[in-house]
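Counting from 1, the numbers follow the sequence of the chain as shown.
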Amino acid sequence: MICAFRCLQDQFDNLDKHTQWGIDFLEKYAKFVKERIEIEQNYAKQLRNLVKKYCPKRSPKDEEPRFTSCIAFFNILNELNDYAGQREVVAEEMGHRVYGELMRYSHDLKTERKMHLQEGRKAQQYLDMCWKQMDNSKKKFERECREAEKAQQSYERLDNDTNATKADVEKAKQQLNLRTHMADENKNEYAAQLQNFNGEQHKHYYIVIPQIYKQLQEMDERRTIKLSECYKGFADSERKVIPIISKCLEGMILAAKSVDEHRDSQLVIDCFKSGFEPPGDFPFEDYSQNIYRTISDGTISTPKQEGMRIDTKTTVGKAKGKLWLFGKKPKGPALEDFSHLPPEQRRKKLQQRIDELNRELQKETDQKDALIKMKDVYEKNPQMGDPSSLQPKLTETMSNMDRLRMEIHKNEAWLSEVEGKVAARSDRRHSSDINHLVTQGRESPEGSYTDDANQEVRGPPQQHAHPNEFDDEFEDDDPLPAIGHCKAIYPFDGHNEGTLAMKEGEILYIIEEDKGDGWTRARRHNGEEGYVPTSYIDVTLEKNSKGS
């Protein structure tokens, strides 16, 4: 490894630039990952906003039909919301595993590079100092040698001069000896410095610098390995969520397959059917009777036929008023007994009101029981409270219970009236002649029964229906629409009456939410209904249902 760097002993500056380029490239890739993370985060945020924009914001009183196409779209929105969550997971994984690791490694890499470069510069500075010391000793030795040569020449000139005194010659000789001695000392100093510099230079180029270059090489190779690991982590962050994303897409496909056009059509029928029958055939109006009566004196005529004619405008108006699905609903204020509604819709509204009143009555009953228990506790332990302070609230609760019972009784009477008319009408349907042109008893758009004599027509004699019958109601009650789905977390035997047995993992329709008593009303695919424990199921209503 050291030999590989000997060729680079004069390329210290180039290695400095290369290692700096490596760090710059590392930070450039880190910036790329950061921008990719921002793209993923913005994409996920936009997807969530899109889902939030199109998710249903239905109030509890909204009675919008639960069409399978709508449920499928809501399920697709939920899957898309989960898909957005996986994009957030990708961004988080890239931020932690790639970008964060790159930034930490870049900081460590800069510190390590700075340390190696400082060691190289210090080694170079020390070698330069040794070279200067050797060069100074060399120059000093050279200078002393020149001075010794001058002293030698001066001594020889005085020694050959016959006019020179012995003292001058002796002085020149001493000067020569001094310069020669100093030249010898500088020679030894120069030789020592030269030997020391050669040793330091050899150490510098064969030990110190190769070692520093080796450390720089290892640092650069670790940087390359780290980039390779980050490249792999970048791809793995995406690959990890592919199975979950595939499940989201499969959920969208299943939602698309769950669309049932026949069920949607049935929901439309259940939502808008009024219970009215189409109007009967119009009778023939014979306006030629007066002509025949004037021509033939022997013609037997029925007096005041005009009084027995059907008012065509009235009949047509009443007939049109019943076909609310194809025409306009009658205008007018809503009545307490819902008699302004068609029979079927009236029955549904009354049943819903009775259910709500029963729930309110149950709450008041629970509150009364709690107040009675608290009053008993206060009577046994006066220090805990005054029993008489609970009497006003208890009286108010009892009053509310009486009021609710009266309301329930009143609405049940109306409901019984509607259901009784349906049963009577069903019996009459089976016994009446199918060839009757028109029934004498007709229902008004308000749901009332009329036996107006002006609406009688000529035809076979018919049986008069009961004055309170509804001729146009349907015979069977409609099943409650599904408001969501649930998945059984635990098995339930369902031995008690009114409960529904279920197996673990079974999917059921939700037709009535938990009203606070711990039970939810559910329906199987075969139509079987009953109550199941709310804690035993995972409920997902229509607006965030995922199907399972």
Side-chain angles (χ1 to χ4, degrees), residues 59-64 270-271 273-275 332-375 390-426 443 446-449 466-470 472-483 496-500 510-523 529-534 541:
S59 62
K61 295 183 179 179
D62 194 351
E63 297 296 335
E64 180 183 356
D270 295 339
C271 181
K273 69 179 180 180
S274 64
L335 301 179
E336 183 183 5
D337 60 351
F338 299 114
S339 59
H340 62 288
L341 296 177
E344 184 65 24
Q345 303 300 326
R346 182 187 181 194
R347 184 189 64 79
K348 290 182 180 180
K349 288 290 185 180
L350 288 172
Q351 187 62 54
Q352 291 176 3
R353 181 188 286 174
I354 292 173
D355 294 339
E356 292 175 0
L357 292 173
N358 283 324
R359 287 193 291 269
E360 293 180 10
L361 179 60
Q362 184 62 40
K363 291 180 181 178
E364 295 292 337
T365 304
D366 296 340
Q367 184 174 0
K368 182 199 72 172
D369 295 340
L371 290 172
I372 292 175
K373 291 180 181 178
M374 189 179 297
K375 185 177 180 181
L390 300 175
Q391 189 60 39
K393 185 65 177 176
L394 186 60
T395 303
E396 181 184 356
T397 302
M398 297 292 291
S399 176
N400 291 337
M401 291 175 62
D402 293 338
R403 178 182 56 80
L404 290 172
R405 288 192 184 99
M406 292 178 62
E407 289 290 330
I408 292 173
H409 179 72
K410 181 170 59 175
N411 284 273
E412 285 179 346
W414 289 334
L415 181 62
S416 299
E417 179 185 353
V418 176
E419 291 177 345
K421 292 171 184 177
V422 172
R425 171 182 165 274
S426 177
E443 286 176 349
E446 292 76 22
S448 61
Y449 187 87
H466 192 274
N468 293 327
E469 282 186 357
F470 279 88
D472 298 291
E473 289 182 12
F474 288 90
E475 297 177 7
D476 299 327
D477 293 337
D478 297 325
L480 293 176
I483 61 175
N496 297 330
E497 184 179 358
T499 59
L500 182 66
I510 297 297
I511 58 177
E512 186 176 327
E513 296 183 62
D514 187 355
K515 305 304 179 181
D517 56 358
W519 295 88
T520 300
R521 190 174 179 184
R523 179 195 298 144
E529 297 181 0
Y531 288 91
V532 295
T534 306
L541 297 181

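In this structure, the side chain of Ser399 does not engage the main chain of Thr395 through any donor-acceptor pair within 3.5 Å. A donor-acceptor pair is defined here as one N or O able to donate and one able to accept, closer than 3.5 Å; no such pair exists between the side chain of Thr534 and the backbone of Asp514.
Put simply, the side chain of Trp414 does not reach to within 4.5 Å of the side chain of Arg347, judged on heavy atoms. Considering only heavy atoms from C-beta on, Ile372 comes within 4.5 Å of Leu394 through its side chain. For the pair Met406/Asp402, no side-chain contact is recorded, criterion being any heavy-atom separation below 4.5 Å from C-beta on. Between Leu390 and Met374, some side-chain heavy-atom pair lies under the 4.5 Å cut-off. In this structure, Arg521 and Glu513 have side chains that are not in contact, with every pair of non-hydrogen atoms separated by 4.5 Å or more. Put simply, the side chain of Thr365 reaches to within 4.5 Å of the side chain of Met401, judged on heavy atoms.
Ion pair Lys363/Asp366 not flagged as a salt bridge, since none of the NZ, NE, NH1 or NH2 atoms sits closer than 4.0 Å to an Asp/Glu carboxylate oxygen. For Lys410 and Glu407, the salt-bridge test passes: some basic side-chain N is under 4.0 Å from an acidic carboxylate O.
A donor atom on one side chain and an acceptor atom on the other are found under 3.5 Å apart for Lys375 and Gln391. Between the side chains of Asn358 and Gln362, no donor N or O sits under 3.5 Å from an acceptor N or O.
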Under the side chain to side chain contact (heavy atoms under 4.5 Å, CB included) rule, what do Leu371 and Thr397 come out as? Steps first, then yes or no, please. CA-CA 9 Å; Leu371 290 172; Thr397 302; 3.7 Å; yes
Evaluate side chain to side chain contact (heavy atoms under 4.5 Å, CB included) for Gln352 paired with Lys349, printing each intermediate quantity in order. CA-CA 5 Å; Gln352 291 176 3; Lys349 288 290 185 180; 4.2 Å; yes
Begin with the C-alpha distance, continue with both residues' side-chain angles, and end with the deciding distance and a verdict on side chain to side chain contact (heavy atoms under 4.5 Å, CB included) for Gln367 and Lys393. CA-CA 10 Å; Gln367 184 174 0; Lys393 185 65 177 176; 2.8 Å; yes
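Within the model, atoms CG of Leu415 and CD1 of Ile354 stand 4.5 Å from one another, a figure rounded to the nearest 0.5 Å.
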